[in-house]
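To start, the structure itself, in structure tokens.
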Number of protein chains: 2
Amino acid sequence: MTTLQRRTGIALWRQVADQIRQSVLSGMTANERLPAEAELANRFGVNRHTVRAAIAALEKEGTLRAEQGRGTFLNDRRRLQYPIGPRTRFSSGLKDQSQTRTGKLLSSRTIPAPPRVAEALELPKTAEVVELSTVSAADGDPISAATSWFDASRFAAIAEHYAETGSITASLARLGVDDYTRQTTAIEARHASSEDLDLLGLSPGAIVLLTRSVDVDSAGQPIQYGESRFAADRIELLIDNRAPAA
Amino acid sequence: MTTLQRRTGIALWRQVADQIRQSVLSGMTANERLPAEAELANRFGVNRHTVRAAIAALEKEGTLRAEQGRGTFLNDRRRLQYPIGPRTRFSSGLKDQSQTRTGKLLSSRTIPAPPRVAEALELPKTAEVVELSTVSAADGDPISAATSWFDASRFAAIAEHYAETGSITASLARLGVDDYTRQTTAIEARHASSEDLDLLGLSPGAIVLLTRSVDVDSAGQPIQYGESRFAADRIELLIDNRAPAA
DNA sequence: GGCTATTTGTCCGTATGTATT
DNA sequence: CAATACATACGGACAAATAGC
């Protein structure tokens, strides 16, 4: 099966932690007991201390809890599903899966459009854009860090609106965009940058899902280009074609 | 700007390698020269030996090449775009971006349906399914490793057809499925297992995009449940809502 | 209450890998 | 290349808590 590897720059206990998250916990329900440390050590072919180090890491991140004499148990921590489709909206998509959602504005500035941004927004190369850096959280846990760009000539005031509402949809509505749809979403995966580690509260080596998206208004004009980083261990992206645009 | 962290189970040289991939190379064009070792060591706050270890790793995985006396240079490595939508098909999606595409059958077997498979295919818990393990490559580079499940009572012979055609679409056509559409696609990201490292020719620590998908026939009946792993450094997933179902 | 089996928690020592000087 | 300090991994032994009898 899946043998662990040495000398890769990734400690064994961390590989074991990842394995436990994936193969051991995948079929388990909340508050279920894990196999004993000794059995896990045997299964992965490592020392019990190495399994203990892995469990300690998973305990620290909130996935497990160990109780002396009783065993180690799986905490209730679902991966949120973030839907992607023509009607993709951050706020509403997660609403029914979490209690509270917050969107915080980190910074904003008006700059000449970077080439890829100008292309996505169908603006001339000399155009100016508003750049928004935001972090979104659900139930207090940071979910995504995003950078968004808007045509400065049309949406100069969007930063102020976002700071008040914490929502792109609401901010756009205030600026006369009643409705918009997702045109394209490109998805990549990579190791988190040190900035993302900070923003999303991840440990080094963690993975982020990176989406690059273009939203268009009802006239088909691109209004937003965004690059979002999602904590891959807390979220999955879901494309559901059963629910077409309303 | 976060400094690198210790005691996280990820060796410093690997963190530096990830950083170089992310922040240093992101703004660079192909065949551009990297900053000198000493400068990188200074920038990341680590010793030169550590930077050298990181560069050696990146060289081994093919993203950099070091030339004696000249410096270290960024190799040209584009990501293929893999479209996802109602009409998602592996073969045709990549056709215009690569010269040759091959689908190889690794193994097949008929087994009782695992719970998540039975649920996805809307089969009774006692049903049997055909499990196909396949690897797909474009221009000789492995792109994805997939495991697919089909209702054994309806598609018992699919393994033989796939072995001949190297295509799921063609195999289904032979079994009377003229048309099918993608119902759902869930996307996660994780570190590659050692099995995937083998199949996809990756180096340890590499990332895979994992998709779980359900395809349905024209009557809306689920016919295929699949889990695919894509090499995240060679591919990105693209959801394009501009081209609706034909 | 005691006894025992099971499981997690802590301590020792030792060897190897990692990172710096 | 060498010397040093720290992190990782292993092996064993025993303590502490829990559950069942």
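Throughout, protein chains are lettered first and strands after them, A, B, ... in sequence-line order, and every chain is numbered starting at 1.
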- Item | Summary of salt bridge (charged side-chain N to carboxylate O under 4.0 Å, His left out) pairs that have at least one residue in residues 22-36 of chain A, sequence neighbours excluded | none
- Note on the structure: Counted 5' to 3', the first and last nucleotides of DNA chain C within 4.0 Å (strictly under) of a heavy-atom of chain B are C:dT18 to C:dT21
- Message: Go through it in stages, so that I can follow the logic: the residues are B:Arg48 and B:Glu39, the test is salt bridge (Lys or Arg N to Asp or Glu O under 4.0 Å), and I'd like the CA-CA distance, side-chain angles, deciding distance and then a yes or no.
- Response: CA-CA 9 Å; B:Arg48 281 183 62 242; B:Glu39 197 197 314; over 6 Å; no
- Query: For the residue pair A:Leu34 and A:Ile20, what are the closest heavy atoms and their distance?
  - Reply: CD2-CG2, 4.1 Å
- Message: Atom CZ of residue position B:Arg52 - does it have more than 12 heavy atoms of other residues, nucleotides or ligands inside 6.0 Å?
- Response: no
- Item | Donor-acceptor contact present, side-chain A:Arg43 to main-chain A:Ala38, <3.5 Å | no
- Message: Treating primed atoms plus P, OP1 and OP2 as sugar-phosphate and everything else as base, which nucleotides of nucleotides 13-21 of chain D get B, S or - for protein heavy atoms under 4.0 Å?
- Response: B--BBBS--
- Answer yes when A:Arg65 and A:Glu59 have at least one side-chain N-carboxylate O distance shorter than 4.0 Å, and no when they do not. no
- Is A:Glu188 salt-bridged to A:Arg229, cutoff N-O under 4.0 Å? no
Anything under 3.5 Å between a protein N or O and an N or O of nucleotides 5-9 of chain D, put it in a table, one pair a line.
{"from": "D:dA7", "atom 1": "OP1", "to": "B:Arg7", "atom 2": "NE", "distance (Å)": "3.0"}
{"from": "D:dT8", "atom 1": "OP1", "to": "B:Gly9", "atom 2": "N", "distance (Å)": "3.3"}
{"from": "D:dA9", "atom 1": "OP1", "to": "A:Leu12", "atom 2": "N", "distance (Å)": "2.2"}
{"from": "D:dA9", "atom 1": "OP2", "to": "A:Leu12", "atom 2": "N", "distance (Å)": "3.2"}
{"from": "D:dA9", "atom 1": "OP2", "to": "A:Trp13", "atom 2": "N", "distance (Å)": "3.1"}

- Query: Charged N to carboxylate O below 4.0 Å: is that the case for A:Glu131 and A:Arg109?
  - Reply: yes
- Message: Counting the atoms with a prime plus P, OP1 and OP2 as sugar-phosphate, which does B:Arg52 contact under 4.0 Å by heavy atoms, base, sugar-phosphate, or nothing?
- Response: nothing
- Output all residues satisfying side chain to side chain contact (heavy atoms under 4.5 Å, CB included) with B:Ala118, sequence neighbours left out; order by chain, then residue number. B:Ala113
- Message: Suppose we screen for ring pair (Phe, Tyr, Trp, His ring centres under 6.0 Å). Which residues come up paired with A:Phe230, at least two apart in sequence or across chains?
- Response: A:Tyr82
